[in-house]
K.L.:
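Supplied in structure tokens, the structure appears directly below.
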Amino acid sequence: MPELPEVETTRRHLAAHLPGARVVAVELLDPRAVWRPDPATFATRLTGMDLGDVRRRAKYLVVDLRDGDHLVVHRRMTGNLLLREPAAPPDEHTVAVLRLADGRELRFCDLRRFARMWLATPAELAALDRSLGPEPLSPEFTAERLASILANRRRALKPLLLDQRAIAGLGNIYVDEALFAAGLRPTRGADTLQPADVERLHAAIRAVLEQGIRNEGTTFRDYLGAIGQPGRNQHMMGVFKREGKSCERCSAVILKTRVAGRGTHYCPRCQR
DNA sequence: CAATCAACCTGGGTGC
DNA sequence: TGCACCCAGGTTGATT
């Protein structure tokens with residue numbers, strides 16, 4: 001689920017309501033939700049901790065801690081972070097709970113149990129940052145930068161755009177949508193794009209991500225924002241999950257294939 | 001360097 | 001109804 005727009009939607013809510021809160025208890029209903037250190041140490045170190053700014057890098061959510069370290073969360077496929085008021089009814093698939101001093105709870109819920117949270121030192125966070133490509137909504141992500149990422153790569157566009165080392169934050173939904181918006185076939189070799197193609201792809205990547213944020217994310221099944229709200233972006237899809245339906249732009253039938261092991265949707269007429 | 005696949009998990013949908 | 005099977009928004013590591 002959570003690609004850049006979904007993590008950013010959650011971040012914005014948490015950034016407005018979490019800083020200054022103090023953790024008074026950590027409940028690990030499923031200890032697999034903690035990557036490192038070990039679950040018991042994780043709980044001990046977070047208990048009594050004051051929470052600071054909430055930031056995002058790619059699909060990672062980062063909560064700064066008073067002691068200078070960071071709580072990092074990656075939600076993988078179905079993870080959600082819910083900030084609940086005191087005495088709120090239970091949430092399904094809760095794997096961990098941070099109980100806050102004012103009675104609120106930050107709940108980590110995850111149907112498939114792939115999601116992880118962990119503690120990171122500033123050096124570890126810096127290493128994570130270095131392992132990731134540019135933020136597609138940052139000023140440094142220019143069309144020229146995208147051109148250099150695509151240059152001399154014989155890889156198909158789809159797996160390249162999904163590669164977090166190349167560009168960070170895109171996932172299966174937004175890659176399919178960006179390629180549709182740019183009129184480019186997912187199997188097109190990255191090094192075959194003309195300058196005008198690169199310009200269109202650059203604009204399309206930013207546009208689909210910004211639209212996703214505006215609509216508070218895409219919810220097909222499991223994604224929920226920090227107060228449990230589903231997104232609205234699923235109604236804006238050009239191709240994703242629209243196989244068999246007609247293209248809004250040219251009326252051709254949308255196809256679904258498999259590219260790089262991922263379900264891939266595209267319009268055979270307007271994507272070349 | 002690139003492509004493929006298995007693994008990690010649970011649950012929903014489909015076809016028999 | 002039951003059951004086998006396929007699929008799913010992500011990432012990592014082994015293999016070819």
Side-chain angles (χ1 to χ4, degrees), chain A residues 1-10 29-36 56-61 72-81 91-96 108-118 120 127-129 131-133 136 149-180 186-192 205 208-209 211-213 215-225 230-244 256-265:
Chain A
M1 104 43 274
E3 304 180 33
L4 188 155
E6 290 74 34
V7 181
E8 177 62 18
T9 298
T10 302
L29 290 77
D30 187 339
R32 290 176 298 181
V34 173
W35 179 33
R36 64 185 183 193
R56 179 188 61 73
R57 175 71 167 102
K59 304 172 190 174
Y60 297 83
L61 194 78
V72 185
V73 179
H74 196 298
R75 296 149 72 181
R76 295 291 183 101
M77 302 284 269
T78 58
N80 281 316
L81 273 177
D91 287 293
E92 286 190 311
H93 314 298
T94 301
V95 293
F108 195 31
C109 305
D110 180 30
L111 185 153
R112 289 180 69 180
R113 299 176 189 253
F114 288 163
R116 294 291 180 267
M117 57 195 335
W118 64 94
L128 174 63
D129 177 67
S131 73
L132 297 165
I149 291 167
L150 301 173
N152 305 315
R153 301 258 204 168
R154 302 214 297 188
R155 253 176 133 177
L157 288 172
K158 170 103 185 193
L160 183 58
L161 296 179
L162 283 174
D163 187 338
Q164 303 296 297
R165 296 168 301 185
I167 303 176
L170 292 168
N172 210 32
I173 295 177
Y174 293 96
V175 165
D176 280 7
E177 291 300 306
L179 290 172
F180 171 70
T187 48
R188 178 90 171 262
D191 61 358
T192 68
I205 288 170
V208 297
L209 293 175
Q211 178 187 257
I213 293 170
N215 289 309
E216 297 191 288
T218 303
T219 300
F220 281 111
R221 296 194 60 79
D222 303 295
Y223 168 72
L224 297 174
R232 303 179 302 276
N233 201 240
Q234 61 277 13
H235 305 302
M236 310 297 289
M237 296 292 108
V239 290
F240 196 84
K241 284 213 168 160
R242 294 196 71 246
E243 63 268 29
K256 180 178 181 183
T257 58
R258 194 159 284 270
V259 177
R262 309 296 302 275
T264 298
H265 315 70

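Model, not experiment: these values are computed from the prediction. In the text below, chain A, chain B and the rest are named by the order of the sequence lines, each starting its count at 1.
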K.L.:
Considering only the C1' atoms, how many Å lie between dG9(C) and dA2(B), rounded to the nearest integer?
P.N.:
24 Å
K.L.:
Report which part of the nucleic acid R32(A) touches: base, sugar-phosphate, or nothing (heavy-atom distance under 4.0 Å, all strands).
P.N.:
sugar-phosphate
K.L.:
Any base atoms under 4.0 Å from K256(A), or only sugar-phosphate, or nothing? Heavy atoms, all strands.
P.N.:
sugar-phosphate
K.L.:
Is the phosphate of dA3(B), meaning OP1 or OP2, less than 4.0 Å from a side-chain N or O of R155(A)?
P.N.:
yes
K.L.:
On DNA chain B, nearest-nucleotide positions of R221(A) versus R154(A): which is more 5'?
P.N.:
R154(A)
K.L.:
Pick the P atom in dC9(B) and in dC3(C), then give their distance to the nearest Å.
P.N.:
25 Å
K.L.:
Grab the NZ-P distance between K241(A) and dG9(C) for me, whole Å please.
P.N.:
7 Å
K.L.:
Expressed in angstrom and rounded to an integer, what is the separation of D30(A) atom CG from dC9(B) atom P?
P.N.:
9 Å
K.L.:
With rounding to whole Å, what would you report as the distance between dG11(B) and dT11(C) at their P atoms?
P.N.:
23 Å
K.L.:
Using a strict 4.0 Å threshold on nitrogen-to-oxygen distance, state whether R112(A) and D222(A) make a salt bridge.
P.N.:
no
K.L.:
Under 4.0 Å: is that the gap between some side-chain N or O of R116(A) and OP1 or OP2 of dT11(C)?
P.N.:
no
K.L.:
Tell me the partner of dC9(B), counting only Watson-Crick (N1-N3 plus N6-O4 or O6-N4) or G-U wobble (N1-O2 and O6-N3) with both under 3.5 Å; none if nothing fits.
P.N.:
none
K.L.:
With a 3.5 Å distance limit and no angle check, can you tell me whether E6(A) reaches the backbone of T218(A) through a side-chain donor-acceptor pair?
P.N.:
yes
K.L.:
Would you indicate whether the side-chain heavy atoms of E216(A) and N233(A) approach each other to under 4.5 Å?
P.N.:
no
K.L.:
Would you classify G261(A) as touching base, sugar-phosphate or nothing, given that sugar-phosphate means primed atoms plus P, OP1 and OP2, and contacts are heavy atoms under 4.0 Å?
P.N.:
nothing
K.L.:
In the structure shown, which nucleotide is the Watson-Crick or G-U wobble counterpart of dG9(C), with both distances under 3.5 Å?
P.N.:
none
K.L.:
Whole angstrom is fine here: how far is it from NE2 in H93(A) over to P in dG11(B)?
P.N.:
6 Å
K.L.:
With a 4.5 Å heavy-atom cut-off, do K158(A) and D176(A) have their side chains touching?
P.N.:
yes
K.L.:
Report yes if a donor N or O on one partner sits less than 3.5 Å from an acceptor N or O on the other, where the partners are the side chain of R113(A) and the base of dC9(B); otherwise report no.
P.N.:
no
K.L.:
OP1 or OP2 of dT11(C) less than 4.0 angstrom from a side-chain nitrogen or oxygen of H74(A), does that happen here?
P.N.:
yes
K.L.:
Measure from CZ on R76(A) to P on dG10(C) and round the result to the nearest Å.
P.N.:
11 Å
K.L.:
Can you figure out which of dT11(C), dG9(C), dT10(B) approaches the side chain of K59(A) most closely?
P.N.:
dT11(C)
K.L.:
Take atom CG of L161(A) and atom P of dA3(B), then tell me their distance rounded to the nearest Å.
P.N.:
13 Å
K.L.:
When you measure from the side chain of R262(A) to the backbone N and O of L162(A), does any donor-acceptor pair fall under 3.5 Å?
P.N.:
no
K.L.:
Would you mind classifying the nucleic acid contact of R165(A) as base, sugar-phosphate or nothing, using non-hydrogen atoms under 4.0 angstrom?
P.N.:
nothing
K.L.:
Using whole Å, what does the distance between atom P of nucleotide dG10(C) and atom CG of L162(A) come to?
P.N.:
7 Å
K.L.:
With a 4.0 Å limit, can you tell me whether Q164(A) has a side-chain N or O closer than that to the phosphate oxygens OP1/OP2 of dG10(C)?
P.N.:
no
